[in-house]
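Here is the structure we will look at.
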Amino acid sequence: MKNAVQRFGKFLSAMVMPNIGAFIAWGLITALFIADGWIPNDKLASIQPYMLYFLLPALIAYTGGKMVGGDRGGVMGAIAVMGCIAGVGGLDGQPMLMGAMVMGPFAGWVIKKFDKFMETRMPAGFEMLINNFSVGILGMVVAIIGYYLIGPFMSAILAILTAGVNVLIKASLLPLAAIFIEPAKVLFLNNAINHGIFTPIAIEQAAEAGKSIMYMLEPNPGPGLGVLVAYWIFCKDKTTKDSAPGAIIIHLFGGIHEIYFPYVLMNPLVIVAPIAGNICAILWFTITGCGLVGPASPGSIITYLSMSPKSQILFTFIGVVIAAGVSFLVASPIIKMSNGKSLEEAQSDMAAAKAESKGTAVPVSNGEPKKAGEVKKIIFACDAGMGSSAMGATKFRNRIKAVRPDITVANTSVDNIPADCDIAVVQEILVERAVKAAPQAQMVTIGNFLADPKLDQLYDQVTSTEAAAPAQAEAAPAAETSSYDPSEKILVEEGIKVGLKSVPMNDAITAAGKLLNELGFVDEEYIPAMIRRNEEASVYMGMGIAIPHGTSDAKNRVKKSGIVILQYPDGVDFGGEKAELVIGIAGVGDEHLAILGRITEVLDDEKQLEMMKTTKNIDEIMNLFR
């Protein structure tokens, strides 16, 4: 049940999060130009309702449709939601954000099923005609369904939810919502609640009153701030204590609340602190009549205050301080008396929770951990077995070869783990496929292939005193990589770019794919496969390195083996991790593994790794591989 709800929350979040910029634009126009705004302007304020009633639903429906049915699904979703909007009266009705969250995926599903049906039935020469008319005709049909059925139904649901919230407000019971909100955040259900329920209700209230307290319930940075400050002052563990100041800055000014979740997971009893803090803050907001004019996303103090009406900004700020203060007072004695998990363990648990929210069970091992003497083969597995697993295997092989030369460490795709594998090392999202491929193996699930704490645990496991002594062991043939031959032209000067400005994650992956394409290593169709691979399981490797490459079904798009290196000195955000090096890979067979092996060797030399991340001289990087 929990996994199902978390998957639902992730799905809602994935529809909304790419469009947060549009929400911010709409919120700023509202905050600045409405009659009670910072600089009232009737003409500019007239933009706001069109964004709310048409732009935002269309963007959400397009994103939802694209998630299910690709680009055609996105177009279908945008067409379909217009039926919902018209069905409730357009600008005279209710905003159809909830309708968009239903119609987008539904429309994407419809066109996906149609395309599947036509796969073996498409007449030659009629592809363009059928593809275009199918979207038009089916889009029209789904829009009609939205007009007569989905739009009115979602409008009724929203009216019921809004009425229920109004009852809670009148009965002064709204603060009790924090009892559900704060645990939901730690369980990654915050986006399901915030974007799926609170925002549509808030929009309805703000349309009438110009503001809504519902915008304030989830993104308040105060509750999490109190927890982090308490850890900073009272935590006994030095590592955790030293990490708290940086987390405070990211949480408060960056609005990334997820950074304080591991601190709660370290001692689950701490959850009562943000609950108490948010209860007090919501009570204060209720008494003072506070509300925001638009969604505060991300939940930064800057965003939170900027969405407050100027007459209430002081009350809003006091509410944040109250939440932080109460949370701090409640958390402090709990942390003082605590001897709970380490921060690393809590972060590992959080990674597992993320994987569960995507519908993947994450066992630490499949069966009992194997004794050191029983381990003869360790397999690092990723989706394609092309890049990340190869580097992980090389690094771990080099690490253990002096003490356990009898162990074979190799890499492969997750669906081709050999039957004689004793331990399989896989990312959390791929563990179910790994268990099916190698039910006999112990599963070690990791977040990244280079610097995950569980790799240290695996090293300790296979090098324990009960392992066979190296002199007595029968040495297994190690799959060592050969030296790089420049004549192979797998890495060329034109494939190295340094000093690039930071860009969003997908833009960095796309840039690597375009460079592979320009150098003749891959077809253009390989680039979207690189994006999909990262969506399925992160290509971030650890140690500031990401290795984007295509999915296993895109191998036929590789013309010849090639590698490109893109250097981003300020880093690219890969799901909360910064990658200064983005190394794009296209591999035919094992030709590219020699360079990957050399890169792995560089990782063990801090000076060389730092040079690769910061140098402005391409020749310096090339010299590492000659």
Side-chain angles (χ1 to χ4, degrees), residues 1-8 10-11 187-188 345 347-393 395-397 400 407-462 479 532-542 547 549-553 555 575:
M1 180 63 181
K2 183 184 75 170
N3 287 345
V5 175
Q6 286 178 325
R7 286 197 298 271
F8 176 67
K10 279 287 185 180
F11 191 79
L187 292 172
F188 303 99
E345 290 174 323
Q347 288 171 332
S348 179
D349 288 347
M350 193 174 81
K354 280 184 179 181
E356 286 182 4
S357 71
K358 296 178 182 179
T360 304
V362 187
V364 173
S365 63
N366 185 31
E368 291 296 322
K370 295 184 181 293
K371 295 180 180 180
E374 299 173 343
V375 179
K376 298 300 180 185
K377 179 174 285 189
I378 299 174
I379 298 295
F380 282 65
C382 62
D383 178 60
M386 182 188 301
S388 50
S389 62
M391 288 188 68
K395 186 170 177 62
F396 194 76
R397 182 190 309 121
I400 70 167
I407 294 180
T408 299
V409 182
N411 71 288
T412 184
S413 64
V414 69
D415 298 314
N416 295 305
I417 299 175
D420 60 347
C421 169
D422 298 307
I423 298 177
V425 182
V426 298
Q427 291 170 296
E428 289 95 339
I429 194 67
L430 300 174
V431 69
E432 284 189 350
R433 289 167 60 186
V435 170
K436 290 179 181 178
Q440 81 290 344
Q442 174 192 337
M443 295 291 152
V444 175
T445 55
I446 59 174
N448 66 74
F449 280 103
L450 296 182
D452 194 284
K454 289 186 180 178
L455 293 175
D456 296 329
Q457 297 171 17
L458 178 60
Y459 176 84
D460 292 338
Q461 176 185 339
V462 300
R532 290 198 304 273
R533 170 62 179 82
N534 185 58
E535 290 173 348
E536 292 172 0
S538 176
V539 297
Y540 180 77
M541 296 287 297
I547 311 287
H549 53 277
T551 54
S552 56
D553 58 2
K555 284 188 174 181

Note to self: To the nearest 0.5 Å, what is the distance between NZ on Lys376 and CG on Asp422?
What the structure shows: 8.5 Å

Checklist line | Approximate separation, where rounding is to 0.5 Å, of Gln461 CD and Glu374 CD | finding: 9.5 Å

Checklist line | Over all atoms of both residues, closest heavy-atom pair of Phe380 and Phe396 | finding: CZ-CB, 3.5 Å

Check: Residues two or more places apart in sequence or in another chain: which of them pass side-chain contact (heavy atoms from CB on, under 4.5 Å) with Asp456?
Finding: Arg399

Check: Which atom names give the shortest non-hydrogen contact between Val414 and Ala381, and what distance separates them?
Finding: CA-CB, 3.8 Å

Item checked: Value rounded to 0.5 Å, distance of CZ in Arg433 from CD in Gln427 -> 11.0 Å

Item checked: Non-hydrogen side-chain atoms of Arg533 and Val539 separated by less than 4.5 Å -> yes

Next item on the list: Any chance you could measure Ile400, atom CD1, to Ile378, atom CD1, to the nearest 0.5 Å?
Entry: 4.5 Å

Note to self: For Ala441 versus Cys421, what's the shortest heavy-atom pair and its separation?
What the structure shows: CB-O, 3.6 Å

Next item on the list: With sequence neighbours left out, write down each residue that passes ring-ring contact (aromatic ring centres under 6.0 Å, His included) with Tyr540, or none if nothing qualifies.
Entry: none

Item checked: Over all atoms of both residues, closest heavy-atom pair of Thr412 and Ile417 -> CG2-CA, 3.9 Å

Check: Val375 and Ile407: which non-hydrogen atoms are nearest, and at how many Å?
Finding: O-CG1, 3.5 Å

Next item on the list: For residues Ile423 and Val462, determine if any side-chain heavy atom of one lies less than 4.5 Å from a side-chain heavy atom of the other.
Entry: yes

Checklist line | Nearest heavy-atom neighbours spanning Ala434 and Val426 | finding: CB-CG1, 3.8 Å

